[in-house]
Amino acid sequence: MLETVSVRHLGQHIGNEVAVNGWLHAKRSSGKIVFLQIRDGTGFVQAVMVRSEVSAETFAEASALTQESSLRITGIVKADDRAHSGVEMQATTLMVVQATHDYPITPKEHGVDFLMDHRHLWIRAPRQRSILKIRAEIIRAVRAFLDAREFTQVDPPILTPSACEGTTNLFHTQYFEEDAYLTQSGQLYMEAAAMAFGRVYSFGPTFRAEKSKTRRHLIEFWMIEPEMAFTTHEESVQIQEELIAHVIAHVLRHCEQELRTVGRDTEKLARIATPFPRISYDEAVAILQRNGHEITWGDDFGAPHETEIAALYEQPVFVERYPTALKAFYMKPDPDRPEVVLCADLLAPEGYGEIIGGSQRIDDADLLFARFEEHQLPADAYSWYLDLRKYGSVPHSGFGLGLERTVAWICGLEHVRETIPFPRLLYRLYP
RNA sequence: UCCUCGAUAGCUCAGCGGUAGAGCAUCCGGCUGUUAACCGGAGGGUCGUAGGUUCGAAUCCUACUCGGGGAGCCA
């Protein structure tokens with residue numbers, strides 16, 4: 001039996017006869033010659049079958065082959081300038097594993113609704129495969145970066161007894177006799193973990209029951225949430241920009257083929273370099289006012305505001321020190337200006353919006369308790385969290401990186417729904 | 001929740017008051033270098049649902065359903 005080779009590695013087998021297991025992506029035939037575009041998950045290769053060189057049965061089978069039929073094909077690997085990848089197979093034998101009939105996604109344009117209904121098949125398409133491959137490499141790069149800096153991965157719960165931040169709507173469910181909610185952030189648990197491990201990060205899904213219907217929103221999305229003990233806001237921001245720069249460099253180095261398939265202008269990514277520009281909330285408001293926006297100090301930014309600020313820079317830009325009243329209860333006030341908190345949002349270039357939100361956390365027990373009262377949060381439900389400030393509280397900081405928005409930015413996509421294998425969108429739970 | 005756009009063949013769309021159309025896909029035939037191949041032929045439709053206007057509605061009006069984009073909220 002011939003050696004089975006991944007399409008990705010065919011170039012190392014020039015001149016040899018090998019087998020490829022895969023699916024028929026497309027076919028073109030011309031009477032006495034058939035061109036079979038075959039994919040195996042690692043790549044795409046063209047097999048050329050000439051009638052005079054194979055048995056009549058094999059040629060007939062190849063001629064009748066339909067899109068997405070599963071197959072095993074053997075052939076001699078040849079270097080050929082006419083092939084996109086530079087390599088093609090001169091087919092010798094063909095075994096059809098299953099003949100497919102009426103594959104829904106044809107090599108033609110399709111609408112979003114149709115494609116989303118067929119997402120389980122759509123992910124076979126070259127473009128979708130490339131996006132999800134880049135997603136996987138981004139995750140790999142984030143982990144490598146954090147692991148190299150002695151972060152420990154700690155997994156927070158997904159089912160939680162109450163809101164972490166109390167700002168957005170949560171998915172409600174039953175936990176036997178109790179009420180439970182799907183997590184919107186693992187952060188408070190990561191603060192506990194940081195006091196146990198020093199530097200930690202979580203990577204998992206989060207859920208927001210908001211009726212958001214835009215290109216930047218998913219109902220279920222994945223976040224990386226690092227949390228660091230004995231770390232100031234300033235140190236956290238430096239880690240954030242190093243992390244993003246590392247991820248960009250990793251993807252540029254390892255996903256050249258995939259970035260080309262999705263049509264990304266890599267020049268813009270190649271220019272990303274630390275340190276990233278920073279502006280204060282105060283400066284951002286002044287800029288917006290100068291540009292004719294009706295915004296006053298103390299107002300929160302809307303999406304158009306963020307887009308306008310981000311458009312001023314080629315790099316991701318940090319917006320620091322928002323008004324205390326706008327932000328979550330746990331953020332530490334600036335000691336010099338208690339009306340603002342030690343926080344920063346990182347806005348991606350090209351209109352992709354906020355990809356990181358981070359802050360230094362309140363480490364003072366009395367102040368945190370006062371915040372609970374101001375925000376009318378149930379102190380009993382959070383007594384474990386308040387414990388963290390009673391038993392060896394330290395200055396600590398952390399942030400949350402939104403994976404899908406990061407993938408959308410790096411891939412240059414129109415919509416985050418393509419950045420996750422099976423997106424959960426408003427009113428869309430299938431497949 | 002609000003604003004806005006849309007729903008016609010398996011898919012993408014045209015038709016916008018007078019007998020339902022095209023390209024692709026499918027099936028049949030042709031073609032030895034195709035890259036969304038090409039050429040010839042065939043089959044394929046309660047025009048989202050319900051009501052209304054009209055001699056006549058895919059086309060105009062109303063409601064509803066489903067979907068796209070956006071706001072708010074956020075990563």
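Chain letters run A, B, ... following the sequence lines, proteins first, then strands; residues in each count from 1.
A donor N or O paired with an acceptor N or O is found under 3.5 Å between the base of B:C73 and the side-chain atoms of A:Ser212.
No contact: A:Asp345 has no heavy atom under 4.0 Å from any strand.
Here B:C11 presents its C1' atom at 14 Å from CG of A:Leu121, a figure rounded to the nearest Å. At whole-Å resolution of the value, CZ in A:Phe59 and P in B:U32 are 9 Å apart. As a whole-Å value, the separation of A:Arg215 CZ from B:G68 C1' is 11 Å. In this structure, A:Gln67 atom CD and B:C24 atom P are separated by 15 Å, rounded to whole Å. B:C73 atom P lies 13 Å from atom CZ of A:Arg208, rounded to whole Å. In this structure, the CD atom of A:Glu210 is 11 Å from the C1' atom of B:U1, given to the nearest Å.
Both distances falling under 3.5 Å, in either a Watson-Crick or a G-U wobble arrangement, occur for no nucleotide opposite B:G17. In this entry B:U46 has no Watson-Crick or G-U wobble partner, no candidate having both defining distances under 3.5 Å. Across all strands shown, B:C60 pairs with B:G52; the Watson-Crick or G-U wobble distances both stay below 3.5 Å. Base pairing of B:G23 is made with B:C11, judged by Watson-Crick or G-U wobble geometry with both donor-acceptor distances under 3.5 Å. The base-pairing partner of B:C38, taking Watson-Crick or G-U wobble contacts with both distances under 3.5 Å, is B:G30.
Under a cutoff of 6.0 Å and an axis angle of 45°, A:Arg199 and A:Tyr201 do not form a cation-pi pair.
Note on A:Arg405: every side-chain N or O is 4.0 Å or more away from OP1 and OP2 of B:A75. OP1 and OP2 of B:C31 both lie 4.0 Å or more from every side-chain N or O belonging to A:Arg51.
Non-hydrogen atoms lying under 4.0 Å from RNA chain B are contributed by A:Tyr427, A:Arg428, all within residues 421-431 of chain A.
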Apply side-chain hydrogen bond (donor to acceptor under 3.5 Å, both in side chains) to residues A:Gln46 and A:Arg82 and explain how you reach the verdict.
CA-CA 10 Å; A:Gln46 173 166 270; A:Arg82 290 170 294 188; over 6 Å; no
